[in-house]
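See structure below.
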Amino acid sequence: MSGPPAVPDHPTPDEFLWGWDPTPGIVSVWADAGGLATVWRRRPGVEGAVREEARFRPWLLLDRLDDLAHLGDRLRPAAAGGTGITWRELAGHGALRFLVSAPDARTLKAAILHGARQRLGSRISSLRDLGAESVLSLPPEEQYLVATGRNYFRDLSFDDLRRLQFDLETQGLDPATDRIFMVAVRVPSGVVHLLEAEAISDAGEAGLIRRLCAVIRDADPDVIENHNLHGFDLPFLVRRASLLGVPLDLGRIGPPGLRQRAAFRGAPDESGRRGPRRVRYVVPGRELIDTMDAVWRYDFATRELPGHGLKAVARHLGIAAPDRELIRGDQVFQVYTTDPARVRRYAGADVEEVSALARLLGGAAFALARMAPRRYERLADAGAATGVIDPLLVRAYYRAGAALPAHDEGRQAPHAGAALYLFAAGVARRVVKADVASLYPSLMRAFRIGPSRDYLGAMIAMVDQLVELRLGAKASARAAPPGSAERHTHEATSAAMKLVVNSAYGYLAAGGGLTRFADLDAANEVTRRGREMLALICRELASRGVTLLEADTDGVYFSVPHDWAEADERRVVSEVAALLPPLVQLEFEGRYQAMLSHEPKNYALLGYDGTLVLKGVAFRSSRAEPYGRAFLRRAIASLLAGDVQGVRDAFVSTVDALRRREVTTHDVSSRVRLTKSPDRYQAIREHRREAMYEALLAHGRDDWRAGDKIRVYRAPDGWRVATEDDDPRDYHVEHYVRALRDNYGSRLARAFNGEGFAAVFADPQQPSLFETDFAAMTPTLTLLPPGG
DNA sequence: TCATACCGGGG
DNA sequence: GTGTACGGTATGA
């Protein structure tokens with residue numbers, strides 16, 4: 001490859017990121033193969049959206065013109081100003097170098113297929129059969145947005161959108177048999193309508209669906225939201241409406257009925273049911289947003305949510321009302337028959353929470369839609385690499401008039417990942433954490449590592465710009481009043497930029513089957529630089545007199561000598577930071593009284609304010625029994641305070657409490673999930689008995705459902721079911737005594753030598769030959785050999 | 001015991 | 001036309 005080829009136009013990095021057409025206020029786009037784009041725009045504070053129609057020329061990219069040669073002189077160069085099918089050869093090195101367009105995508109497609117069949121045979125039935133290496137064809141809306149340089153939401157803030165939430169209440173989960181009996185609808189003004197079927201009958205349900213459509217048409221929202229909208233409410237509604245023969249007239253134009261698009265997550269495809277083929281519903285003029293997607297994306301970054309259900313998330317994020325009505329899913333309809341007011345409160349709370357959740361977490365997708373040439377609803381459920389970066393790159397090359405590289409499946413190069421070292425195990429004091437902010441994007445910028453085939457340098461230019469812009473967005477967010485729309489928009493912009501920047505590396509590593517510019521060599525170079533950087537940081541820290549504890553990918557824990565002050569800690573971090581390339585920033589992240597280092601990625605930290613944080617599966621197993629969990633926290637708190645006597649006391653008192661049966665049944669029970677239904681278990685019971693189910697049956701229960709969670713505990717003769725209102729304390733004491741030492745005590749073992757551990761966790765009822773002076777013992781730190 | 005298959009959510 | 005990921009549990013060999 002020679003140097004970068006000349007390209008006819010010179011898009012700016014600004015245009016890579018933001019497009020170039022300043023048209024403000026676009027809230028939805030719908031385009032068809034005939035080259036008609038319908039655009040809805042609104043002005044802040046004005047209730048109605050304006051509908052505009054625009055003509056565009058459908059276009060696609062080909063690797064050759066051969067298949068259009070049969071058109072003869074009906075195929076004309078774009079420069080000659082033809083109105084039929086035209087072509088233009090793009091500059092640069094990419095395989096997809098012919099931009100062809102026509103007034104109608106269908107005639108263009110038909111012409112290509114006609115030629116392709118002559119060349120390759122009749123098995124070619126769609127453009128897809130030509131392969132991604134030969135053709136790039138975008139959905140009509142994206143063709144329009146790429147070609148015009150327009151984007152959604154310019155000059156709008158999230159609160160300028162007209163958003164509507166609706167939530168179905170049904171008799172059950174199966175639309176073949178269960179009816180919709182209530183729908184809660186929150187319209188953009190904030191008013192909540194509770195629509196109810198006048199009777200539990202075909203006519204009653206059909207009337208309910210008609211009223212739902214009428215409320216939505218009246219409110220005329222830009223956006224329709226719910227939690228699991230695409231996984232439950234829409235497919236359920238579509239199915240019921242079809243069974244009842246009610247038209248679903250929800251769009252802003254066109255005939256009634258929802259359209260479908262292929263999606264990875266969504267409802268199962270009704271026709272073919274092999275593989276992960278799913279569909280999502282689409283409607284002209286409105287964006288259908290599932291808050292579960294936003295929750296998913298949020299949890300991917302934070303990994304702190306207890307679950308992804310609406311109620312759990314709302315509670316966790318502090319948007320659930322304190323008196324929030326809760327009803328178990330399988331009881332909703334039954335409660336409705338006896339206490340309908342309760343179900344109304346419940347359904348109303350659902351839509352209120354969805355609205356708050358969408359506002360809290362939906363901003364990132366909103367901000368992305370101001371950059372990438374895709375519909376807002378697509379950006380809300382797309383992965384960052386294929387869903388955001390790829391469209392941005394395609395637009396950058398289109399704008400430059402530059403040929404696009406085709407997907408390259410490439411080789412499956414072995415990929416070396418991040419570095420992980422455990423330098424020491426046991427208890428360390430005066431611990432400091434230092435880490436590199438956004439390590440991988442920083443390395444890409446610092447060493448100019450980008451996809452080798454990105455000859456415009458668009459990806460690095462975008463990462464550079466996003467990182468810089470994000471600093472500005474963060475500052476603007478801080479400057480804006482808390483809770484204001486302005487602050488919200490800036491925070492969302494910052495979050496969206498972080499998402500894109502952090503996925504740039506993932507884009508490289510994803511492999512050519514997924515992303516157009518994938519480059520495993522570049523990805524390997526990023527991780528290699530990362531390992532090198534981490535090793536350098538560790539080496540330089542160690543040479544300044546600290547003790548290294550654990551290093552993982554982009555951060556390192558170390559302990560400092562006893563006579564160092566915080567200023568000394570900060571000084572070594574800045575000294576080492578100064579040795580790194582300018583764009584790689586090592587930061588002082590935190591300091592702790594003490595750390596228990598157990599295994600890689602498994603440790604406990606005691607802050608100077610006394611807070612104890614446990615990290616890793618060894619310390620936070622969901623199956624852990626409450627008594628063990630409580631013991632572990634108490635013992636580790638003592639251990640990190642250097643109080644071995646306290647650890648011994650925690651163990652002895654827990655053992656004593658078990659033997660005196662002072663521990664409740666609940667506290668020795670653990671939560672398990674039932675996977676077999678009663679029927680299924682009965683079917684295999686003679687063949688193979690399973691303790692959990694036997695316990696349930698012995699408990700007199702045969703009405704459970706697959707997926708239910710129960711608590712069980714060990715009795716001397718097997719497993720039993722623990723219930724809320726019964727506390728028989730007939731558990732197998734010695735089983736739990738053993739578990740206390742083997743499952744929980746063992747997590748402190750690295751802080752002792754063998755004899756010390758044996759003494760601390762010795763059975764209090766079996767006096768040893770000599771007394772141990774626990775108060776004189778100190779937890780130890782063991783330096784591990786490199787590579788261990 | 002280890003490998004793999006499947007789940008998450010919605011009423 | 002799409003293209004997730006991650007940690008847990010259940011299962012089967």
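Residue numbering restarts at 1 for every chain, and letters A, B, ... go by the order of the sequence lines. What you see is a predicted model; the values in this text were computed from it and never measured. The basis for the numbers below is simple: all heavy atoms, side chains too, and nothing from hydrogens, waters or symmetry mates.
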Measure OH/A/Tyr281 against C1'/B/dG10 and give the value in whole Å, please.
15 Å
Is the number of heavy atoms from other residues, nucleotides or ligands within 6.0 Å of CD (A/Glu198) greater than 12?
no
Gap between atoms CG and P, on A/Asn228 and B/dG10 respectively (whole Å):
7 Å
Expressed in whole Å, how much space separates the C1' atoms belonging to B/dC7 and C/dT4?
14 Å
Between A/Tyr336 and A/Phe181, what is the ring plane arrangement, given parallel below 30°, perpendicular above 60°, and tilted in between?
tilted
A/Asp381 CG to C/dG1 C1', straight-line distance once rounded to whole Å
13 Å
Below 6.0 angstrom between ring centroids: does that apply to A/Tyr397 and A/Phe517?
yes
Could you give the NE2-to-C1' distance, from A/His227 to B/dG11, as a whole number of Å?
14 Å
Reckon A/Asp290 touches a base, only the sugar-phosphate, or nothing at all at heavy-atom distances under 4.0 Å?
nothing
Whole angstrom is fine here: how far is it from CG in A/Leu173 over to P in B/dG10?
10 Å
Select base, sugar-phosphate, or nothing to describe what A/Leu310 touches, counting heavy atoms under 4.0 Å on all strands.
sugar-phosphate
Comparing nearest nucleotides in DNA chain C, the 5'-proximal residue of the pair A/Ser137, A/Trp296 is A/Ser137
Interatomic distance where CG belongs to A/Leu138 and P belongs to C/dG1 [whole Å]
11 Å
Mind calculating the distance between CZ (A/Arg375) and C1' (C/dT2) to the nearest angstrom?
17 Å
Do we get A/Arg747 above A/Tyr744's six-membered ring, with its NZ or CZ under 6.0 Å from the centre and within 45° of the axis?
yes
Please report the distance separating the C1' of C/dG3 from the corresponding atom of B/dG10, rounded so that it comes out in whole Å.
24 Å
Please confirm whether any donor atom in the side chain of A/Arg128 sits under 3.5 Å from an acceptor in the base of C/dT2, or the reverse.
yes
Could you tell me how far B/dC6 sits from C/dA5 if I compare only their C1' atoms? Round to whole Å.
14 Å
Distance test, side-chain N/O of A/Arg378 to OP1/OP2 of C/dT2, below 4.0 Å:
yes
Using a cut-off of 6.0 Å, state whether more than 12 heavy atoms not belonging to A/Lys109 lie near its atom NZ.
no
Tell me what A/Asn226 touches on the nucleic acid: a base, only sugar-phosphate, or nothing, going by heavy atoms under 4.0 Å.
nothing
Under 4.0 Å, counting only non-hydrogen atoms across every strand here, what does A/Ile327 touch: a base, just sugar-phosphate, or nothing?
nothing
Take atom CZ of A/Arg374 and atom C1' of C/dG1, then tell me their distance rounded to the nearest Å.
10 Å
Nearest-angstrom distance, C1' atom, C/dG8 to B/dG11:
25 Å
